[in-house]
Amino acid sequence: MSMFRALVGAARSARHAPRLAAGLVPDDDVLLDAPDERLAPALVAAALADPEPAAKLLATTRDAAEWEDRDRYVTRLAVFAYRREDWLLRWLSAAPRDPDALLVTAQLAVRRAWESPARAERLRELDPLVRRVAEEAPRDPVPWRLALDHARGAQAGPAVFETLWAEAVRRSPRHYGCHVAALKYLSAQGHGSRRAAFDFAERAADDAAPDSLVRALPVRAAHEALRVPPGRDGSEPAAVLDRAADRALALSAVFPAGDPWPAGVRNVLAHLLMERGRWAEALEEFGRIGPHATSFPWGPAFPWGPARDAAPESPPPGSRPRPGGGDPLVRFLAARDRTRLEVARRTPLWTPGRGRAGRGGPGGH
């Protein structure tokens, strides 16, 4: 019987998989962490050791209070500086007190310390820099998001977290990046529990605007919960995980397919739908993602890729995949293929009353 089921599954895949691929962007058109039209020129200039476009971009986001874009740009510029730091050093040399240059520098320093075997100690050494950047930002929530990330890695206690969180929400009550940083602190992977993380995420989602990415915060809590080793912190009921997915699906439907703005949420949602075995919905979400693959969550912990080896350093933004299974883009494409094949395998060869699939019955054309 098992061999018969395998043969039927193979026949279904052969019949349906090519048709299902029609709703997906071709592999060669998918890019990893592709920068938007504002960030791309700043990255090109940085590659030529010119910091001026990055400085102008961050100054614009600060003056216009574009906090969500500002957070993304600071993070992406720090990732770029991780490999090519000359432009940032040139910026700091010309303007050592520039708040944007200092913020990118602090973001980069926290990332480097986070990767150290002595993470907590290294991060504590950065406390004066992180505190200075945050305290000199009277309106900007992004330094406080960084301070929340720093506190989690430095193993700061709940009182410190509460103080930082209060400062963050005072500046921007609905800032997505600060909410994600707080969620990570409150999760079982941080200093709390899966239940504390879900409670926080669900309350925040309830209070958020219909088109706010905060509405999808429960799907991030679900992702964090699935990363907890079995037995360490219990397990979340399936209904809670599915409710988180349903909320994120409702948010994703608000935005056009291929929109880069919700791409991060959509990538995490597709991951969760695969984990829940909701293959048809996962395939639809991959269609909505379009060409916008993101490094998170397709990293080395992702279980559906072609290999489970540790991922190398993330590739440059907008790059094509390198050979091998460690690249997040390779894993993203493998996840799409796996989802498409799972949907095909579950689609009947023919539907009752219509004869074989693709025909109108025994005499159909």
Side-chain angles (χ1 to χ4, degrees), residues 31-116 122-123 125-137 139-147 149-150 153 177 181 260-261 263-264 292-296 299 311-322 327-329:
L31 297 176
L32 183 70
D33 299 329
D36 65 20
E37 67 280 0
R38 299 173 73 190
L39 179 61
L43 292 175
V44 171
L48 300 173
D50 179 7
E52 185 174 354
K56 289 182 177 178
L57 176 62
L58 292 187
T60 297
T61 61
R62 175 163 42 86
D63 293 342
E66 297 172 338
W67 305 133
E68 302 291 359
D69 283 339
R70 179 174 174 79
D71 201 357
R72 294 187 183 202
Y73 296 156
V74 165
T75 301
R76 296 292 300 279
L77 288 166
V79 168
F80 189 84
Y82 186 86
R83 306 177 191 90
R84 295 282 301 273
E85 194 179 4
D86 50 346
W87 65 276
L88 180 56
L89 295 175
R90 185 175 177 182
W91 185 5
L92 283 169
S93 177
R97 297 186 59 82
D98 186 300
D100 301 323
L102 289 173
L103 179 55
V104 176
T105 299
Q107 178 76 53
L108 174 60
V110 167
R111 170 173 175 159
R112 285 175 169 162
W114 201 276
E115 296 176 353
S116 169
R122 290 282 308 279
L123 285 168
E125 293 172 356
L126 293 176
D127 187 69
L129 172 62
V130 174
R131 184 181 299 275
R132 173 189 172 190
V133 170
E135 290 178 349
E136 292 183 0
R139 298 188 304 137
D140 186 357
V142 179
W144 295 93
R145 186 272 304 158
L146 178 60
D149 285 336
H150 173 266
W261 175 248
H292 300 291
T294 56
S295 292
F296 178 81
E313 178 184 317
S314 298
S319 67
R320 300 301 309 155
R322 295 186 295 266
D327 191 306
L329 183 49

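In what follows, every heavy atom counts, from backbone to side chain, and hydrogens, waters and symmetry copies are set aside. Bear in mind that the values here come from a model prediction, so they are computed numbers and not experimental data.
- Residues Asp327 and Leu32 have side chains in contact (heavy-atom distance under 4.5 Å, counting atoms from C-beta outward).
- You'll find the side chain of Leu92 reaches within 4.5 Å of the side chain of Leu102, heavy atoms only.
- Arg111 has a carboxylate O that lies under 4.0 Å from a charged side-chain N of Glu115, or vice versa, which qualifies the two as a salt bridge.
- The two atoms that bring Arg84 and Ala46 nearest to each other are NH2-O, 4.5 Å, heavy atoms only.
- Side chains of Trp91 and Asp100 form a contact here, defined as non-hydrogen atoms less than 4.5 Å apart.
- Classification of Arg145 and Asp149 as a salt-bridged pair holds, one side-chain N sitting under 4.0 Å from a carboxylate O.
- Pairing each heavy atom of Pro35 with each of Leu43, the nearest pair is CB-CD1, 3.8 Å.
- Proximity of Asp36 to Tyr73: side-chain heavy atoms (C-beta onward) are separated by under 4.5 Å at one or more points.
- In this structure, Thr61 and Val74 have side chains that are not in contact, with every pair of non-hydrogen atoms separated by 4.5 Å or more.
- With contacts defined as side-chain heavy-atom distances shorter than 4.5 Å, the pair Arg72/Leu39 does not qualify.
- For the atom pair CZ of Phe80 and CG of Leu88, the computed distance is 11.0 Å after rounding to the nearest 0.5 Å.
- The two residues Gly177 and Asp71 have their closest heavy-atom pair at CA-OD2, 3.5 Å.
- In this structure, Asp69 CG and Arg38 CZ are separated by 5.5 Å, a value rounded to the nearest 0.5 Å.
- By the 4.5 Å heavy-atom criterion applied to side chains, Tyr82 and Leu108 are counted as neighbours.
- Between the CG atom in Leu89 and the OG1 atom in Thr105 there is a gap of 8.0 Å [rounded to 0.5 Å].
- Of all heavy-atom pairs spanning His150 and Leu126, the tightest one is NE2-C, 4.1 Å.
- Here the closest non-hydrogen pair linking Pro53 and Ala42 is CB-CA, 3.9 Å.
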Taking it one step at a time, do Leu58 and Val104 satisfy side-chain contact (heavy atoms from CB on, under 4.5 Å)? CA-CA 10 Å; Leu58 292 187; Val104 176; 3.6 Å; yes
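- One distance of note links CG of Asp140 with CG of Leu103; it measures 6.5 Å at 0.5 Å rounding.
- Here the side chain of Arg76 pairs a donor or acceptor atom with the backbone of Asp33 at under 3.5 angstrom.
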Listed pairs under 3.5 Å, donor-acceptor, residues 127-136 side chains, sequence neighbours left out:
none

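- Looking at every heavy atom in both residues, Arg90 comes nearest to Ala49 through NH1-O, 2.9 Å.
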